[in-house]
Amino acid sequence: GRLELVVAEFDPRRLVEDVAASVATRAHEKALAFRVQFESGLPPVLLGDEGRLRQVLFNLIGNAVKFTERGSVTVEVTHRPVERDRVLLEVAVRDTGIGIDPGALPTLFERFRQADSGITRRYGGSGLGLAICRGLIDLMGGKIDVETEVGKGSTFRVSVELRRGHSLQLVTNDSRFDTELVSSGGSRILVAEDNETNQLVIGAMLTQLGHSYELACDGLEVLAKLQRGSYDLILMDIQMPNLDGLAATRAIRALDGSAGQIPIIALTANTMVEDRQTYLEAGMDDHVAKPIDAQKLARAISSAVELQRQSQY
């Protein structure tokens with residue numbers, strides 16, 4: 001109940017495209033038709049909490065793919081003016097999946113609730129995702145609702161009123177950044193992450209950035225892979241079973257040779273100053289906050305790899 005929104009300028013089209021790209025691989029693996037449609041005239045810059053909107057959209061679009069075995073998933077982005085400098089942004093996520101029983105709708109957005117107990121057994125999940133989405137959208141003063149029919153699919157619709165942004169620099173920097181992404185790819189990265197959803201998101205981002213990657217589910221697997229293979233960088237989750245990210249980093253820094261000098265970037269939801277200091281003291285080179293922003297991840301990777309190359313000369 002103490003969450004505070006972080007309001008800043010962002011590009012709504014890029015936000016939706018990034019989220020869609022992170023789940024598109026799974027949709028294609030299931031042979032689903034996956035479409036993202038934008039209404040013409042979408043404002044290029046809006047003011048809002050981009051990270052929290054990303055979290056909501058990732059949950060809704062991810063669920064649509066998760067609960068759809070055949071057919072399609074469509075994301076539609078529309079808007080309409082509300083006042084002189086404000087617009088109502090609406091994102092509809094439509095699927096042809098299992099649908100939801102009408103009797104479950106009154107409690108659908110409550111914590112630890114699944115529409116059907118069989119869903120947990122078949123698909124997994126804690127029943128927290130939609131409750132968190134509702135809480136975040138309520139905090140933004142928006143609405144989230146659903147239209148659904150068992151066996152035919154569902155449409156989740158998010159509406160939030162946002163102020164227009166005016167930063168030409170945001171648009172210019174984004175355009176320039178696309179070129180940087182293409183030229184900075186090609187690294188071989190070891191991703192230490194135990195959460196399957198995060199593995200999918202990070203993997204899609206790295207592929208889009210032109211990097212190759214391998215996965216490790218805990219610190220022990222990181223050490224084993226590092227001793228068998230060669231990598232340019234490690235993306236290290238902090239909280240992992242068996243051996244956490246900090247302990248794994250300390251163990252790596254104790255290794256002889258180039259393996260002990262490999263760049264390590266922390267992936268964490270903890271971004272306080274004292275947390276950052278703890279990561280640096282453990283031997284990490286940088287950190288990227290969760291939910292992960294593709295641009296910040298790309299910059300961190302590019303910077304770490306470049307510093308490593310310079311140190312070798």
With rounding to the nearest 0.5 angstrom, report the [atom1] to [atom2] distance, [X] to [Y].
X	Y	atom1	atom2	result
C133	L60	SG	CG	4.5 Å
F156	T148	CZ	OG1	7.0 Å
D18	F58	CG	CZ	12.5 Å
L5	L136	CG	CG	8.0 Å
S154	I100	OG	CD1	4.0 Å
M284	R250	CE	CZ	8.5 Å

What are the two closest heavy atoms between [X] and [Y], and how far apart are they?
X	Y	value
A282	T249	O-CG2, 3.3 Å
T96	G71	OG1-CA, 3.3 Å
M205	I292	CE-O, 3.3 Å
A64	T68	O-OG1, 2.5 Å
Q199	E193	NE2-O, 2.7 Å

Do [X] and [Y] make a side-chain contact, defined as non-hydrogen atoms from C-beta onward lying under 4.5 Å apart?
X	Y	result
V150	I98	no
F10	D49	no
L267	I202	yes
L206	I301	yes
I144	R157	no

Quick check: does any side chain N or O of [X] sit under 3.5 Å from a backbone N or O of [Y], one acting as donor and the other as acceptor?
X	Y	result
S303	R299	no
S302	A298	no
E221	C217	yes

Between E17 and R14, does at least one N-O distance fall below 4.0 Å, as a salt bridge requires?
no
So that I can tick it off, tell me whether R54 and D293 are bridged by a salt bridge, with the cut-off set at under 4.0 angstrom between side-chain N and carboxylate O.
yes
Using the side-chain hydrogen bond (donor to acceptor under 3.5 Å, both in side chains) criterion, which residues pair with T197? Sequence neighbours excluded.
none
By side-chain hydrogen bond (donor to acceptor under 3.5 Å, both in side chains), which residues pair with N242, not counting sequence neighbours?
D218
Output side-chain donor-acceptor pairs under 3.5 Å for residues 223-241, partner residues at least two apart or in another chain, one line each.
| unit_1 | atom_1 | unit_2 | atom_2 | d |
| --- | --- | --- | --- | --- |
| Y231 | OH | E214 | OE1 | 2.9 |
| D232 | OD2 | R188 | N | 2.7 |
| D237 | OD1 | K290 | NZ | 3.0 |

Going through the checks in order, is the salt bridge (Lys or Arg N to Asp or Glu O under 4.0 Å) test met by D85 and R163?
CA-CA 6 Å; D85 62 343; R163 190 179 300 276; 2.4 Å; yes
Judged by modelled atom types alone, do Y279 and T268 share a side-chain donor-acceptor pair under 3.5 Å?
yes
Just by distance, no angles: are the side chains of E147 and T155 close enough, under 3.5 Å, to form a donor-acceptor pair?
no
Applied to residues 238-249, the salt bridge (charged side-chain N to carboxylate O under 4.0 Å, His left out) test, sequence neighbours excluded, yields none
Name all pairs fulfilling the salt bridge (charged side-chain N to carboxylate O under 4.0 Å, His left out) condition that reach into residues 70-80, sequence neighbours left out, sorted by first residue then second.
E76-R94
Taking only distance into account, with no hydrogens and no angle test, what donor-acceptor pairs under 3.5 Å do side-chain atoms of residues 253-265 form with protein atoms, sequence neighbours excluded?
| unit_1 | atom_1 | unit_2 | atom_2 | d |
| --- | --- | --- | --- | --- |
| R253 | NE | G283 | O | 2.8 |
| R253 | NH1 | G260 | O | 2.9 |
| R253 | NH1 | I262 | O | 2.8 |
| R253 | NH2 | I262 | O | 2.9 |
| R253 | NH2 | G283 | O | 2.9 |
| R253 | NH2 | D285 | OD2 | 3.0 |

Under 4.5 Å between side-chain heavy atoms, hopping through other hydrophobics if needed: is there a path connecting L200 to F67?
no
Say whether V158 and L139 are linked into one hydrophobic cluster, either directly or through other cluster members, by side-chain heavy-atom distances under 4.5 angstrom.
yes
Who are the salt bridge (charged side-chain N to carboxylate O under 4.0 Å, His left out) partners of [X], not counting sequence neighbours?
X	result
R86	E161
D286	R276
E83	none
E149	K152

Run the side-chain contact (heavy atoms from CB on, under 4.5 Å) check on V73 and V23 step by step: do they pass?
CA-CA 11 Å; V73 172; V23 299; over 6 Å; no
Could you go through Q55 and I132, starting from their C-alpha distance and side-chain angles, then the distance that decides it, and tell me whether this counts as side-chain contact (heavy atoms from CB on, under 4.5 Å)?
CA-CA 9 Å; Q55 185 176 355; I132 293 173; 3.7 Å; yes
Under the 4.5 Å side-chain heavy-atom rule for ILVMFWY, direct or indirect, which residues accompany L88?
V82
Side-chain donor-acceptor pairs of residues 34-46 under 3.5 Å, sequence neighbours excluded:
| unit_1 | atom_1 | unit_2 | atom_2 | d |
| --- | --- | --- | --- | --- |
| R35 | NH2 | T74 | OG1 | 3.3 |
| E39 | OE1 | H79 | N | 2.8 |
| E39 | OE1 | H79 | ND1 | 3.2 |

